[in-house]
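Please read the structure below before turning to the comments.
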Amino acid sequence: MQWDFQSLLNNWRALLTGLTGTLSLAVVCILAAALIGLVVGAGRYSRRGFARWPATAFVEFFRNTPVLVLIIWFYFAFPILTGQKLSAFTAAAIAISLNGGAFAAEIFRGGMQSLARGQWDAARAIGMNYPQLMRRVILPQAIKRMLPAFTNRAIEILKTTAIASIVAYYELLHSARVIAAADFNPIEAYTAVAIIFFALVYPLTIVARSVERRLRVSE
Amino acid sequence: MQPILSIRDLHKSFGALEVIKGVDLDVMKGEAIAILGASGSGKSTLLRCVNLLEQPSRGTIALGGQTIGADRGNGLRHYSGADLVAVRKRVGMVFQQFNLFPHMTALQNVIEGPVTVKGRPRAEAEALGRKLLDKVGLSEKADVYPARLSGGQQQRVAIARALAMEPDVMLFDEATSALDPELVGEVLRAIRQLAEEGMTMLIVTHELGFAYHVADRVIFLHQGLIHEQGSPQEVLVAPREARTREFLEGHGQFRLPDRAP
Ligand SMILES: Nc1ncnc2c1ncn2[C@@H]1O[C@H](COP(=O)(O)OP(=O)(O)OP(=O)(O)O)[C@@H](O)[C@H]1O
Ligand SMILES: [Mg+2]
């Protein structure tokens, strides 16, 4: 068989649009997941039932539902239920963020639990209120500890964005499908997407690993 | 004269376990009180109730004649967030495990309270912080992180951190128990200096010699109640209660000078 990457080069615009779509969806989802994780993670950590129970339910539900099912639900079922149509981007962003947020919440909770109880006591004993002790004492230490796990989660999210092609969101995988359909070169198109994903993700895992190593040394 | 700290009928339970069972205590300004007691007798819990790290189950705490919290009618009190902050600004605490903030230098640890809680200008807080570090003998360690300080140095930074809030009362919960023996002295000296300057203090300690020489009053806590109290001479040298004697005999490695034959 003959590899013909020339047709791909002719379609570089489509690939570039796909890459932009992948990256913008990933960035939005990573930020949203971090925010959701912070809020829900604080709820999970709370000793108050009214904060802990909903947070626990959230985490359990969204950790244990396939992202693919969530995307399809938000794209096809949600509009029927509410009369509000969502764009492919929005449906995918919501679904991936909820799933990523559930995992991030557990990372945040773990990071906060890894801090000695004495840090809370010391912060309270000098008169800090909850927002002050979070901002000045707990989060700076907890975030440092959860950075490696969170970087890995961000990488997972980046890879998961490919699922958004199921609702025809224009990201890398979708662009490959478009190119393959037009030029009858599925092998080259899908191989190119795999290589591009690898080229995006692999450096990130290297960075994550070195961050992890550096933090372990500084402990 | 009115006591600076007044504890009335203090109770504290954790679930079904009642740890403090009705403590009454008046502390006068400038008084240094040593609190002794066996492990589990409730010493830490009593101190933690004073600055509301634990909320009392019953009873009242008054600072400078002002009873903390709002009466809820049924003998219980409600402590608002503002109450907690107000009390902790006036009551400093030093912990057995130091609990310094590891991501801040010694000086940053000390000025954190004044800057973040009291809203003091940074320059002013730093001047105060350096003065306090100097007072505990650590002026040259201002920019060092806790991980690079010895236990005794960390504990002295923790004392400076508590003092930086300019409290009316200081609580010490076994401040030297986690230290290697050769580092105990430097921390006790810092506490003693405070006592001599007239700081009001509640000091939970197992250092009987220190209690004898520094405390104005010694309290023996047993099963959540003040079992015996009096001058160091009364409680440590001539205790009336059998329990107190038993406890003191358990600290046999220490001999009070007066008791020596
Ligand atoms: N947060 C808590 N929840 C449940 N039980 C607690 C809690 N804090 C303390 N206790 C219990 O209360 C009792 C008294 O504890 P406390 O720490 O006040 O004793 P202590 O006199 O300081 O002892 P030690 O000399 O070992 O420090 C113990 O039985 C302890 O297990
Ligand atoms: Mg204790």
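As the structure is a computational prediction, the values presented were derived from the model and not from experiment. Just so we're on the same page: letters track the sequence lines, and every chain starts at 1.
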Checklist entry - Under a 4.5 Å heavy-atom cut-off, does chain A meet the side chain of B:Arg90, its backbone, both or neither? => result neither

Checklist entry - Does atom CZ of A:Arg63 have more than 12 heavy-atom neighbours from other groups under 6.0 Å away? => result yes

Checklist entry - Are any side-chain N or O atoms of A:Gln119 and backbone N or O atoms of B:Leu100, one a donor and one an acceptor, separated by less than 3.5 Å? => result yes

Item to check | Closest heavy-atom pair and its distance - B:Val117, A:Ile126 | outcome: CG2-O, 3.4 Å

Checklist entry - Heavy-atom distance under 4.5 Å to chain A: side chain of B:Val91, backbone, both or neither? => result backbone

Next on the checklist: Contact between A:Arg124 and B:Asn51 at the side-chain level, heavy atoms closer than 4.5 Å - yes or no?
Outcome noted: no

Checklist entry - Do you know the tightest heavy-atom contact between B:Phe101 and A:Ala122? => result CE2-CB, 3.8 Å

Next on the checklist: Atom CZ of residue position A:Arg117 - does it have more than 12 heavy atoms of other residues, nucleotides or ligands inside 6.0 Å?
Outcome noted: yes

Next on the checklist: Please classify the contact of B:Leu52 with chain A as side chain, backbone, both or neither, using a heavy-atom distance under 4.5 Å.
Outcome noted: neither

Next on the checklist: Check this for me: B:Arg72, atom CZ, are more than 12 non-hydrogen atoms of other residues, nucleotides or ligands nearer than 6.0 Å?
Outcome noted: yes

Item to check | chain B contact via A:Ala125 - which portion, at a heavy-atom distance below 4.5 Å | outcome: both

Item to check | Close side-chain approach of A:Met128 and B:Arg88, heavy atoms under 4.5 Å | outcome: no

Item to check | Contact class of B:Phe95 relative to chain A, heavy atoms under 4.5 angstrom | outcome: side chain

Checklist entry - Among B:Ala162, B:Gly81, B:Gly92, B:Pro102, which residue forms the greatest number of heavy-atom pairs with chain A at distances under 4.5 Å? => result B:Pro102

Next on the checklist: Does atom CZ (B:Arg122) have a neighbourhood of more than 12 heavy atoms from anything else shown, all under 6.0 Å?
Outcome noted: no

Next on the checklist: Please determine whether the number of non-hydrogen atoms from other residues, nucleotides or ligands lying under 6.0 Å from atom CD of B:Gln66 exceeds 12.
Outcome noted: no

Item to check | Reported CG-to-CD distance for the pair A:Asp121 and B:Gln97, which is rounded to 0.5 angstrom | outcome: 11.5 Å

Item to check | Closest-packed option against chain A by number of heavy-atom pairs under 4.5 Å, given B:Val94, B:Val85, B:Thr116 | outcome: B:Thr116

Checklist entry - With chain A, which of B:Met93, B:Met165, B:His103 has the greatest number of heavy-atom pairs at distances under 4.5 Å? => result B:His103

Checklist entry - Around B:Lys131, counting heavy atoms of other residues, nucleotides and ligands shown, do more than 12 lie under 6.0 Å from its NZ? => result no

Item to check | Per-residue contact mode, B:Leu53 against chain A (heavy atom under 4.5 angstrom) | outcome: side chain

